[in-house]
Amino acid sequence: MSSLALALLLAAPTPPDAMALLRRAEKAVLGESAAYTLRMTVQRPGKADRVVEMKGWKKGDDKGLVRYTSPPKERGTAYLRNAASTWLWLPDAEKVVRVGAKQNFGGGDFSNGDIFRLTLSRDYVPALAGEETVEGQACWKLDLRARDRSVAYDRVLLWVRRDGTDFPVRTEYYTISGRKLKWLTLSDVGKLGARIRPRLLAMENALEAGQRTELRFLAIDDDARLDDRMFSPSALESGQ
Amino acid sequence: VRARALALLVALAPAPAAAREIELGFENFYYRTEETLLNRANLLQLEPQEDLLRGTLRWREDLPHGLRAVFRGYVQRRLGPQGETDWQARQAYVQWTSGDLVTLRAGRQRIAWGSGLAWNPTNRIEAPKNPLNPSLEQQGSLAVRLDVVPFPWAGVTLTAAKREFGGGDAPFAPRAPRGRTGAVRARFLVRDTDLALVLSGGSDQPSLVGLDLGRTVGQVALHAEAAAYRGAEMAPPREDQLFWRVVAGLLWTRGEHLTLTAEYFFNGEGYDDAQNRAWLAALRSPANLEYLAAAAVPFSGGLGMGRHYVQGAWTSRLGNGRWTTSVRGVLGLSDGSVALTPGVQFAPSGNVVVDLDVIALLGPETSEFRLAPLRTAVQTRMRVGF
């Protein structure tokens with residue numbers, strides 16, 4: 001009996017290190033440095049969808065730039081993130097304006113922080129919280145607690161596939177009082193650019209039923225060589 | 001200049017385009033006018049109701065080798081007995097960008113620096129925007145501008161410009177400052193704080209030193225912009241006096257729907273009570289037309305006649321971004337001037353945007369805004385993008 005228990009114990013997958021798993025999961029969609037094209041669809045009950053296309057660039061954990069390319073009404077608008085600062089470029093006014101990280105990105109359900117801080121490992125302390133099946137996938141469950149109050153959410157729950165891909169499947173965002181604000185599902189796994197990855201991110205609002213925003217990646221270049229200067233407000237202001 | 005801009009357009013039109021953006025528009029600026037002290041005996045020859053009708057064109061072409069050409073302009077018909085047709089190039093420039101380091105731009109262009117939302121005291125390059133409706137498109141200045149970004153945390157802008165402010169949205173041409181201006185602006189990002197230093201000077205204007213700060217605290221974006229210069233820009237001459245202009249404000253966004261802004265403007269050159277009384281007395285003098293230069297205030301004039309102003313704006317998005325409503329207000333604390341600008345924007349599709357803004361000027365009869373010869377304004381704009 002004891003040998004059977006030992007055999008079962010050895011056969012069970014070894015629980016991964018929570019931080020290592022989180023780091024692998026957060027690179028699932030975009031790598032360390034990337035240039036991408038994205039379509040954002042904002043869905044609101046009883047109202048027409050709002051569809052915006054954009055080009056984006058990401059470098060490291062804290063530099064990101066997104067420029068709207070369509071529709072004409074929003075074309076040229078740009079968001080820039082560098083460390084803790086976020087700026088908005090208003091093409092009509094030709095002006096750079098500072099905005100908050102928790103502000104909604106482009107009027108959808110993602111915040112600026114969600115878009116530009118896809119890496120959670122810097123801001124949160126992860127702990128392994130068990131195994132669960134989510135969206136039909138066997139997953140590791142990670143419980144992330146904020147290191148300080150400056151981040152967008154106080155607690156994040158993250159489910160990561162156990163099949164060796166380490167793709168995140170679902171993320172839930174909570175306030176300090178434990179209220180769920182919204183949740184993110186990552187789906188449509190397939191090849192895009194040089195590798196296989198989730199291509200569709202859908203954020204749903206837990207407080208307003210039916211409010212949902214989709215980000216569909218249309219193209220990703222993981223090998224983009226990006227200069228740090230393109231992530232500066234000075235470059236944004238120069239109208240490049 | 002306009003002939004050269006047109007020639008540039010024609011020359012570039014057949015070029016192979018990497019990306020092209022075209023937008024056609026319609027604008028109507030309706031004003032109810034009055035004979036005030038600033039328009040004694042209808043000196044400005046205004047009709048009781050003035051109507052400016054415009055057809056607008058925005059055209060941008062991204063060309064190979066880092067080149068970009070931009071044109072923004074309009075054809076305007078002033079309706080009524082004085083009906084006349086004119087056209088203006090708001091912007092007509094060519095830009096060349098080398099990597100992420102250097103951008104060179106030459107031609108008529110906007111140079112909209114400064115963190116202030118309604119007032120930008122550090123900006124001497126272009127005409128001050130109308131604080132009653134900062135969303136109106138600004139007229140550019142004829143300039144050469146070089147932007148260099150040597151480090152991710154620093155950038156420098158060098159500008160040489162010819163000041164010839166015109167093309168405003170009023171049915172008369174205000175007397176505006178002219179001359180040549182040179183300016184340098186160095187911008188830094190230090191510990192998540194924006195810091196910019198400005199030096200500018202030139203002919204027919206005092207030299208100016210400016211400072212610009214911006215920082216985000218929680219969900220509030222704070223900004224402050226200050227300028228110091230010696231010698232008054234408004235009458236009467238005060239050549240040896242040092243003046244300060246300071247703007248401080250904030251921008252706060254709540255969720256996807258609501259944006260609030262607030263700004264305070266200290267105009268050190270503005271008139272105190274005694275100076276204001278002297279100014280009003282001068283306006284009443286039949287022989288003294290000197291102060292009529294200020295007639296355009298606040299539509300396309302200077303930064304203001306008073307000393308203390310507060311501006312606030314509330315903007316709300318509805319219907320998944322189709323509707324945007326806003327109310328802007330400017331209060332002149334020195335004389336009780338009040339301006340209210342309710343507005344609505346409707347975007348039935350991603351290609352079409354319609355804006356309707358109304359400006360109502362309130363306050364005591366002799367306050368700055370009530371002295372403006374233009375009272376109620378209705379500004380309608382429609383743009384169709386391709």
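Labels below follow one simple rule: chain letters A, B, ... track the order of the sequence lines, proteins then strands, and each chain is numbered from 1. Just so it is clear, the values below take in all heavy atoms, side chains as well, and ignore hydrogens, waters and symmetry mates.
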Which residue out of B/A154, B/P152, B/G385, B/A221 racks up the most heavy-atom pairs below 4.5 Å with chain A? B/P152

Step by step, would you call B/W59 with B/F71 a ring-ring contact (aromatic ring centres under 6.0 Å, His included)? CA-CA 5 Å; B/W59 173 79; B/F71 177 83; 7.6 Å; no

Quick one: what part of B/T216 sits under 4.5 Å from any heavy atom of chain A, side chain, backbone, both or neither? both

For the pair A/Y79 and A/Y68, name the ring-plane relationship: parallel under 30°, tilted 30 to 60°, perpendicular over 60°. tilted

Would you tell me whether B/D212 and B/S115 have side-chain atoms, one donor and one acceptor, within less than 3.5 Å of each other? yes

For a salt bridge (charged side-chain N to carboxylate O under 4.0 Å, His left out) with A/D92, tell me which candidate from B/R381, B/R383, B/R110 qualifies. B/R383

If I measure from the heavy atoms of chain B, does A/V52 come under 4.5 Å with its side chain, its backbone, both, or neither? neither

Choice from B/R215, B/R72, B/E23 maximising heavy atom contacts with chain A below 4.5 Å: B/R215

Taking side chain as everything from C-beta outward and backbone as N, CA, C, O, which of these in A/N82 sits under 4.5 Å from a heavy atom of chain B? Side chain, backbone, both or neither. both

Answer with side chain, backbone, both or neither: which region of B/F188 has an atom nearer than 4.5 Å to a non-hydrogen atom of chain A? neither

Relative to chain A, which of B/S349, B/G66, B/G116, B/P134 shows the most heavy atom pairs under 4.5 Å? B/G116

The interface call for B/I111 against chain A, heavy-atom contacts under 4.5 Å, is neither

Under 4.5 Å from any heavy atom of chain A, what part of B/E21 do you find: side chain, backbone, both or neither? both

May I ask you to check whether B/R317 and B/T324 show a side-chain donor-acceptor distance below 3.5 Å? no

Heavy-atom contact with chain A under 4.5 Å, split by part of B/R145: side chain

For the side chain of A/R155 and the backbone of A/I176, is there at least one donor-acceptor N/O pair under 3.5 Å apart? no

Let me know if B/T193 has heavy atoms under 4.5 Å from chain A in its side chain, its backbone, both or neither. backbone

Non-hydrogen atoms of chain B under 4.5 Å away: do they reach the side chain of A/V51, the backbone, both or neither? neither

Between B/S141 and B/Q109: side-chain donor-acceptor atoms closer than 3.5 Å: no

Assess whether atom CZ of A/R147 is packed by more than 12 heavy atoms of other residues, nucleotides or ligands within 6.0 Å. yes

